[in-house]
Amino acid sequence: MTQLLRVQNFTVSSDGIAAGEEQTLEQPFGHVDPQRLMAWAGATAGWPNRTDGKGSRGLDDYFTRDFSHNIGAEIMGRNKFGPQRGPWTDHEWQGWWGDEPPFHTPVFVLTHHERPSIELSDTTFHFVDADPATVLAQAREAAQGKDVRLGGGATTVREFLDADLVDTLHVAVSPLKYGSGIKLWDSPDELRDRFHLDVVPSPSGVTHHLFWRK
C-alpha cells in the first residue's frame, strides 16, 4: 500500500498567513496568536490537551481526532522545533515540545546544522540536512508502512509542494486576517493544477480545504 505524505489540520488566516513575523522563544508564532488561529481545534472534544471531558463534536472534532490516524513519522522545519538560527549553541535545550511531545513517532527536523537525535518519551527527533525527497525516504522507512505527516511550518510545506511530494492536504482557513506574516498561499486556487479540492464550511467559522493529488 502506498505511504502518503499528508498535511493535516494546518491552519491559516483568510489571507493565507500561517505564522507571524519576529519569532522568539516566548512567541513561537511571532505576532500571530496561535490560540486564536487554532481556536476551532481547541474547542473540540478531541483536542489532546482537553481535560474537562467537554468540547464540540461534529466536523471540526472529526479532523482533530484524525490527526494521528495511521501516522508513523513526522517531518517539520527547524522553526517548528525552536527559534534558534545557525549552528546549535545549546544542546541542553530540547525544543518547544516538553518532556511529552504530542507526536509519538520519529520526527525529522529539517536543518542545515545537524545535531545528535533527541529521545523524549515515545518521540525521537532526528536533525537532517538533506533535500525533501531524501528526508521523505528516511521518514517513510521510519514510519514502517504507515503514512508520514508533514507538520509545517508554511515554508516547509511549500518546499515539499514545490518538489511535488505532497499527496493530501487538509488546510483550515480561519476568518482572521493578519496582513503580514509567513504565507502558505495567496489563494488556494494556486494548487488546483495538481490537486482536486473540496471546500467544506464549518459552523465554527473556519472553512476546511481538502486537497488530494490528481
Side-chain angles (χ1 to χ4, degrees), residues 5-44 47-50 60 63-64 67 74-90 93-98 100-103 107-113 115 118 123 125 127-128 132 135 149-163 166 169-191 199 201-202 204-211:
L5 179 62
R6 297 158 52 189
V7 176
Q8 293 179 274
N9 295 0
F10 196 83
T11 306
V12 301
S13 64
S14 61
D15 49 352
I17 291 170
E21 299 164 337
E22 300 180 1
Q23 180 191 54
T24 66
L25 179 62
E26 294 76 21
Q27 294 182 301
F29 278 63
H31 73 278
V32 168
D33 181 352
Q35 291 187 344
R36 287 192 67 203
L37 187 65
M38 293 290 297
W40 69 271
T44 64
W47 183 245
N49 296 331
R50 181 171 296 284
D60 293 346
F63 286 117
T64 303
F67 183 69
E74 166 134 350
I75 298 170
M76 67 170 62
R78 178 171 173 175
N79 291 359
K80 188 175 177 179
F81 179 81
Q84 301 93 339
R85 304 292 188 271
W88 301 93
T89 58
D90 182 6
W93 192 76
Q94 298 183 326
W96 273 312
W97 301 102
E100 297 284 342
F103 307 106
V107 176
F108 293 81
V109 181
L110 304 179
T111 175
H112 294 302
H113 302 276
R115 61 179 283 182
I118 299 172
T123 297
F125 292 95
F127 302 88
V128 184
V135 175
R149 183 172 54 233
L150 181 59
T155 302
T156 298
V157 173
R158 291 299 320 191
E159 186 177 0
F160 279 76
L161 282 170
D162 291 345
V166 178
L169 301 89
H170 163 230
V171 180
V173 177
S174 166
L176 300 172
K177 190 172 184 178
Y178 291 109
S180 65
I182 302 173
K183 280 193 171 187
L184 177 65
W185 56 40
D186 288 319
S187 167
D189 291 337
E190 295 171 13
L191 304 183
V199 179
S202 167
S204 65
V206 301
T207 304
H208 297 285
H209 289 63
L210 308 174
F211 301 85

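For the numbers below, each heavy atom of this structure counts, side chains included, while hydrogens, waters and symmetry mates do not.
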* Should the ring pair His170 and Phe63 be called parallel, tilted or perpendicular, given that the plane angle runs from 0 to 90° and is split at 30 and 60? ->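 Correct class here is parallel.
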* Asked: According to the interplanar angle, ranging from 0 to 90°, do the rings of His209 and Phe211 count as parallel (below 30°), tilted (30 to 60°) or perpendicular (above 60°)?
  ->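 Ring orientation of His209 relative to Phe211: parallel.
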* Any donor-acceptor N/O pair, Gln23 side chain to Asn79 backbone, under 3.5 Å ->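 Such a contact is found between Gln23 side chain and Asn79 backbone.
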* Asked: Could you walk me through whether Trp93 and Leu25 pass the side chain to side chain contact (heavy atoms under 4.5 Å, CB included) check?
  -> CA-CA 11 Å; Trp93 192 76; Leu25 179 62; 3.4 Å; yes
* **His31 vs Glu21, side chain to side chain contact (heavy atoms under 4.5 Å, CB included): CA-CA, chis, key distance, verdict** => CA-CA 6 Å; His31 73 278; Glu21 299 164 337; 4.2 Å; yes
Rounded distance [0.5 Å steps], [atom1] in [X] versus [atom2] in [Y]:
X	Y	atom1	atom2	answer
Phe29	Lys80	CZ	NZ	8.0 Å
Glu74	Leu150	CD	CG	8.0 Å
Arg115	Trp88	CZ	CH2	5.0 Å
Asp15	Ser174	CG	OG	9.5 Å
Phe125	Met76	CZ	CE	5.5 Å
Leu184	Leu161	CG	CG	7.0 Å

[X] to [Y] - nearest heavy-atom pair and separation:
X	Y	value
Ala18	Ala154	CB-CB, 3.9 Å
Gly153	Phe10	C-CZ, 3.9 Å
Val173	Ser13	CG1-O, 3.8 Å
Ser202	Asp60	OG-OD1, 2.9 Å
Pro132	Ala163	CB-CB, 4.3 Å
Leu169	Leu191	CD2-CD1, 4.3 Å

* To do: Assess whether side chain to side chain contact (heavy atoms under 4.5 Å, CB included) is satisfied between Thr89 and Gln84, documenting all intermediate values.
  => CA-CA 9 Å; Thr89 58; Gln84 301 93 339; 5.7 Å; no
* **Flag side-chain contact, heavy atom, 4.5 Å: Val171 against Trp185** =>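 Yes, close enough: below the 4.5 Å cut-off.
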* What do you reckon, is CZ of Arg36 surrounded by more than 12 foreign heavy atoms closer than 6.0 Å? ->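 Open: at most 12 neighbouring heavy atoms sit under 6.0 Å from CZ of Arg36.
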* To do: Using the side chain to side chain contact (heavy atoms under 4.5 Å, CB included) rule, take His112 and Arg78 through it: C-alpha gap first, then chi angles, then the decisive distance, then the call.
  => CA-CA 9 Å; His112 294 302; Arg78 178 171 173 175; over 6 Å; no
* **cation_pi(Arg149, Phe67) dist<6.0 Å, angle<=45** =>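 Checked: cation-pi criterion met.
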* Let me see the working for Thr123 and Trp97 under side-chain hydrogen bond (donor to acceptor under 3.5 Å, both in side chains), right down to the final yes or no. => CA-CA 10 Å; Thr123 297; Trp97 301 102; over 6 Å; no
* Out of Thr111, Ile118, Leu110, which residue meets the side chain to side chain contact (heavy atoms under 4.5 Å, CB included) rule with Phe81? ->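 Among the candidates, only Ile118 passes.
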